[in-house]
Amino acid sequence: MKLSLDHLVMLQCLSEVDSITAVAERLWVTPSAVSHRLREAERRLGVKLTERAGGKLRLSPAGVRLERAARDIATILNEAEADAGSMAGGVCAFVRLGVTSYGPFRWIPKFIKHYAELRPDIEITLVSVHRDEIYSSLVQGKLDVSIIDDGMVPSGVAKCPLFRDELIAIMATDHPLAGRHNVHAEDFKTYNLVTYSTERSKGWEYDRFFAPGGVLPRRMITVEVIEAIVELVRSGYGLSILQRDLVTPSLERGELAWAALDDGLDIAWNAIVRPAEPEGSEVQKMVTELTDWMTAQSHSESFRDFS
């Protein structure tokens, strides 16, 4: 590496302020020390890392690229420091479990508690990742295990099936469709659809519910927070299609009505690990226990009872 951590920290500061003086104040050094550090970094790389715009200092394209990497490095180092601190308390290994922001997660605290009782020396860390990045994050080593739906499992990658969760339509309790056992794509033509993504992902509602009949809702509103979607639907703003697991608490409280899509559509969820994960590693042992635990749960209670 041509740059030190001090150089990367400086670039992070430069991305947030617009002068050498402001950077110096944040780093508790003199402005001349910041200027020297900046010139040194540029000399080592042979490229300008800053530029002037309207009298203000900002990062050049090369500086922006390095600053983005610096943020990733800082995150990794912070996690490593936290892990090292945990090891002082008897933890010998960490497993980073990745889920998407809209993935089924109500069962996860129950499993983490179960595994902590079984293996108190292993710490499971939950990481929320964008759906498009959950496999790449696994390959890059940012995650150890990914909980991923069938449509996102790359060809040739081994998967450990965990469970299936139903996709349902949700609506306000006084909505015209409330009380229906089933709804069809045609029913959405005159209503807004509140959704977390308009991406036409394989295996999800656009692919299996709307596309076959060539029908779309009157209007689609993207809201990336599940709680906000639920509130908008509850207020009568529109319909939504979500996994049952995500809205079970609201359904149980009687805040929403729901109906099956056609004769019922579900999503299969799996656990996957890196292709090069060693057999018998702590990661593999955790996944084996997860699949066994999930099987035992399915035999004793319905998935929607997890909490």
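No chain of hydrophobic side-chain contacts below 4.5 Å, direct or via other Ile, Leu, Val, Met, Phe, Trp or Tyr residues, connects V283 to I272. Cluster membership check: L232 does not share its hydrophobic cluster with V225, using side-chain heavy-atom separations under 4.5 Å among Ile, Leu, Val, Met, Phe, Trp and Tyr. In this structure, I148 is not a member of the same hydrophobic cluster as F163, with clusters built from ILVMFWY side-chain heavy atoms closer than 4.5 Å. Taking hydrophobic clusters as Ile, Leu, Val, Met, Phe, Trp and Tyr residues chained together by side-chain heavy-atom distances below 4.5 Å, V157 does not share a cluster with L290. When hydrophobic clusters are built by joining Ile, Leu, Val, Met, Phe, Trp and Tyr residues whose side-chain heavy atoms come closer than 4.5 Å, directly or via intermediates, L27 is grouped together with L5.
Taking 4.0 Å as the cut-off between side-chain N and carboxylate O, R234 and E231 count as a salt-bridged pair. Under the 4.0 Å criterion applied to side-chain N and carboxylate O atoms, R119 and E289 are not assigned as salt-bridge partners. D150 has a carboxylate O that lies under 4.0 Å from a charged side-chain N of K159, or vice versa, which qualifies the two as a salt bridge. Between R164 and D266 there is a salt bridge, since a side-chain N of the basic residue sits under 4.0 Å from a carboxylate O of the acidic one. Ionic pairing of E282 and R96 is not present here: no N-O contact between side-chain nitrogen and carboxylate oxygen is shorter than 4.0 angstrom. Ion pair E133/K142 not flagged as a salt bridge, since none of the NZ, NE, NH1 or NH2 atoms sits closer than 4.0 Å to an Asp/Glu carboxylate oxygen. Electrostatic pairing of K202 and D149 does not count as a salt bridge here, judged by no charged N lying under 4.0 Å from a carboxylate O. For the pair E277 and R274, the salt-bridge criterion is met [side-chain N within less than 4.0 Å of a carboxylate O].
Put simply, the residue from T100, L126, V99, N270 that forms a side-chain contact (heavy atoms from CB on, under 4.5 Å) with I147 is V99. Here the rule is side-chain contact (heavy atoms from CB on, under 4.5 Å) with L143, and of L97, I134, T125, V95 only I134 fits it.
The minimum heavy-atom distance between I229 and T195, with the atom names listed, is CD1-C, 3.9 Å. Between A172 and A257, the closest heavy-atom pair is O-CB, 4.1 Å.
S32 and T30 share a side-chain donor-acceptor pair at under 3.5 Å. Side chains of S15 and R68: no donor on one and acceptor on the other come within 3.5 Å.
The backbone N or O of H7 lies less than 3.5 Å from no partner atom in the side chain of R37, so there is not a single donor-acceptor pair. The backbone N or O of L49 lies less than 3.5 Å from a partner atom in the side chain of E42, making a donor-acceptor pair. Counting only distance, with no hydrogens or angles, the side chain of D207 and the backbone of G203 share a donor-acceptor pair below 3.5 Å.
Between the CG atom of D165 and the CZ atom of R244 there is a distance of 8.0 Å, given to the nearest 0.5 Å. Note that OG of S197 is 7.0 Å distant from OH of Y206, once rounded to the nearest 0.5 Å. Within the model, atoms CE of M10 and CD of E40 stand 9.0 Å from one another, a figure rounded to the nearest 0.5 Å. The distance from atom CG of D144 to atom OG of S137, rounded to the nearest 0.5 Å, is 11.5 Å. Here I241 contributes atom CD1 and L265 contributes atom CG; the two are 8.5 Å apart, rounded to the nearest 0.5 Å.
The shortest distance between side-chain heavy atoms of L162 and T291 falls below 4.5 Å.
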Q.
As a quick check of understanding, evaluate salt bridge (charged side-chain N to carboxylate O under 4.0 Å, His left out) for D262 and R208, giving each step before the final call.
A. CA-CA 10 Å; D262 292 333; R208 297 165 61 197; over 6 Å; no
Q) Does the pair S60 and T50 meet the rule for a side chain to side chain contact (heavy atoms under 4.5 Å, CB included), with working shown? A) CA-CA 5 Å; S60 68; T50 61; 5.8 Å; no
Q.
Checking V287 against V273 for the side chain to side chain contact (heavy atoms under 4.5 Å, CB included) test, could you report, in this order, the C-alpha distance in whole Å, the side-chain angles of both residues, the deciding distance, and whether it holds?
A. CA-CA 8 Å; V287 171; V273 301; 3.7 Å; yes
**Q.** Steps toward side chain to side chain contact (heavy atoms under 4.5 Å, CB included) verdict (F210, F188)
**A.** CA-CA 9 Å; F210 291 118; F188 285 72; 3.9 Å; yes
Q) Between I170 and L239, does a side chain to side chain contact (heavy atoms under 4.5 Å, CB included) hold up when you go through it step by step? A) CA-CA 6 Å; I170 59 171; L239 305 169; over 6 Å; no
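The environment of Q140 atom CD is dense: over 12 non-hydrogen atoms of other residues, nucleotides or ligands sit within 6.0 angstrom. Within a 6.0 Å radius of CG in D263, no more than 12 heavy atoms belonging to other residues, nucleotides or ligands are found. Atom CZ of R71 has more than 12 heavy atoms from other residues, nucleotides or ligands within 6.0 Å.
Between W204 and Y196, the two ring planes are perpendicular [angle over 60°; tilted spans 30° to 60°].
Centroid-to-centroid, the aromatic rings of H184 and F209 stay 6.0 Å apart or farther.
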